[in-house]
Amino acid sequence: MAPDTVSPRSEGSDLALRWSGRVSLTRRILAVNIFALLLLAGGFFYLDSYRVRILDNRTEQAMREARLIAEALQAVTPKLRDPLIVQLAQDTGTRIRLFGPDGKLIVDSRALGKRNFQLLDPDKDDSGQRIARFLDAGIDTVVGAVRAPLYREHNEGRDWPDVRTAQSGHAAATVWRAPDRTPVITAAAPMLDGAAVMTAVNARDITQTVRVERYRLSLVLLTVTIVSILVSLFLARTIVRPLRRLARAAVRVRLGRAREVVVPRLPARKDEIGMLARALSDMSLALRARIDATEAFAADVTHELKNPLASLRSAVDGLGHVKDPELQERLLSIVREDVHRLDRLITDISEASRLDAQLSRAKFEPVDVGTMIEGMVTQRRERGIERGVRIRFDRPAGERLIVSGEGARLERVFENLIDNALSFSPDSGLIAIAARPLDGELEVVVEDEGPGVPEDAREAVFRRFQSIRPHSEAFGQHSGLGLAIARTIVEGHQGAIEVRDRKDRLSGARFVVRLPLAEGG
């Protein structure tokens, strides 16, 4: 497509977007319902075609009557002709005129006393009839109804198109418009001597029939319009008002007032708006919890960084005043340890702060946790384990333990648990690791022979910067983020981690990790 060519579909989409962006939801609901009513109003066009069909049928009927009257008049003597014309005019409700071959009027049923064809003067009608005619004219203009020629009286037969056609040997009929807008149907049929019979009838019943149908359709349309508007307003009230409440609450959350905003949950509503309200409420609560956690994390980070910075500042200040080489070396050792501690803290803090976002974007793949842990244990044994601590790993023989996750993150979980067990294990102690499938989940247990975790501290050990270390370990060797990072990774994999007592001995910690097994794992 050329650059200056605009697709009709794109133009329609742009128009719809502009319309939906500028028009409120209430007006759009009204517009859609009223558009459906306009389709119903198309029934007025159907009534016009209905009137045309009635006129066509009446025109055919008038032509047949004209032929029958012509045949009847040809079969009687001139003496019986006038009474027969009166009788036929009375039976058919028409005005009958007989024109000679020269177009002169010979007989008129009106002149014979049968005045059953009368045109009404619209100026003498009551106000109701005038209003009805005005509405008929307006509707006819809207629907584009064909306007018949105005009916006028003529004494000469050649002034009537139907008579001229009949004198040429063919029957004909014409629809006229009376002064009061009712149809007048004239028809003419030929006779053997060149004369012609013409009938005329004012078909007011057609106008009355169409007018009654229009009146009924108008009542239906008015009733449906009122009901549609009320339903539209009801829908707007039940849809737009809660949406506005939710929008105002969302704006207040956006302005930074998440703690003081209570997003309505609309518990009585079981529809999509209720689902939206509860989702927004849960989102605001999660946002509030995330903000609180971020603030608490920032405060903890500040507190944790102040300790090594204070120690580092004290050591640096002391270097400027101390002349003893041995004391200077001790101060430099403190500086190096504090710098190392700061580096470790910043690395762990950076990883902990990015972990949630990285897990949300991670692409999970099948991971064999049994093979992973077996490889980690083998590597540690090859590197050598300090203090003679032993590590044992048990798994079902020949069974794959497959979970869906990110291998590097899961490896970090078990590394942290093994490091934690090594820290608390006594010399020549045993770290027992076991993995097995259990009720559709993978259960990994890491046990040590250390002092264990006090019952009141079993939840606290998973908090950030919570570090309960053995007395033999030098201060500052751990940041207190290892178990917190492990829990974040496990929960990001839809799992759980907890610490328990060892039931087979009086001391020791038992960390249990549960992860959902992958299908086919």
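Values below: all heavy atoms of this structure, side chains included; hydrogens, waters and symmetry mates excluded.
For Arg245, the CZ atom sits in a loose shell: 12 or fewer heavy atoms of surrounding residues, nucleotides or ligands are nearer than 6.0 Å.
Thr371 is not listed as a side-chain neighbour of Leu401, based on a closest heavy-atom distance of 4.5 Å or more. For the pair Ile385/Ile431, no side-chain contact is recorded, criterion being any heavy-atom separation below 4.5 Å from C-beta on. When side chains are defined from C-beta on, Glu415 counts as touching Glu411, because their heavy atoms get closer than 4.5 Å. In this structure, Phe511 and Leu483 have side chains that are in contact, with non-hydrogen atoms separated by less than 4.5 Å. Put simply, the side chain of Val335 reaches to within 4.5 Å of the side chain of Val316, judged on heavy atoms. Side chains of Glu441 and Leu517 form no contact here, defined as non-hydrogen atoms less than 4.5 Å apart. Counting heavy atoms from C-beta outward, Val403 and Pro516 have side chains that stay 4.5 Å or more apart.
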Stepwise salt bridge (Lys or Arg N to Asp or Glu O under 4.0 Å) test for Asp56 and Arg58: CA-CA 5 Å; Asp56 291 341; Arg58 292 293 291 273; over 6 Å; no
Step by step, work out the salt bridge (Lys or Arg N to Asp or Glu O under 4.0 Å) result for Arg514 and Asp439. CA-CA 10 Å; Arg514 292 189 303 276; Asp439 298 332; over 6 Å; no
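At distances below 3.5 Å, not a single donor-acceptor pair connects side-chain atoms of Ser333 with backbone N or O atoms of Glu329. Formation of a donor-acceptor pair under 3.5 Å by the Ser281 side chain with backbone atoms of Ala277 is not found in this model. Between the side chain of Arg387 and the backbone N or O of Ser425 there is at least one donor-acceptor pair closer than 3.5 Å. Distance alone, capped at 3.5 Å, is enough to place a donor-acceptor pair between the Arg390 side chain and the Ser428 backbone. Side-chain atoms of Asp448 come within 3.5 Å of backbone atoms of Ala509 as a donor-acceptor pair (strictly under, hydrogens ignored). Judged purely by atom type and a 3.5 angstrom limit, Arg381 uses its side chain to pair as donor or acceptor with the backbone of Ile391. Between the side chain of His493 and the backbone N or O of Glu406, at least one donor-acceptor pair lies under 3.5 Å. The backbone N or O of Ala484 sits less than 3.5 Å from a side-chain atom of Thr488, completing a donor-acceptor pair.
Rounded to the nearest 0.5 Å, atoms CZ (Arg510) and CD (Glu447) are 5.0 Å apart. Atoms CZ and CZ, from Phe364 and Arg409 in turn, are 10.0 Å apart once rounded to the nearest 0.5 Å. Distance check, rounded to the nearest 0.5 Å: CZ of Arg487 to CD of Glu498 gives 9.0 Å. To the nearest 0.5 Å, atom CG of residue Leu55 and atom CD of residue Glu60 are 12.0 Å apart. Taken to the nearest 0.5 Å, the CD1 atom of Ile418 stands 9.5 Å off from the CZ atom of Phe393.
A donor atom on one side chain and an acceptor atom on the other are found under 3.5 Å apart for Arg412 and Asn416.
The minimum heavy-atom distance linking Val446 with Ala421 is given by the pair CG1-CB, 4.3 Å.
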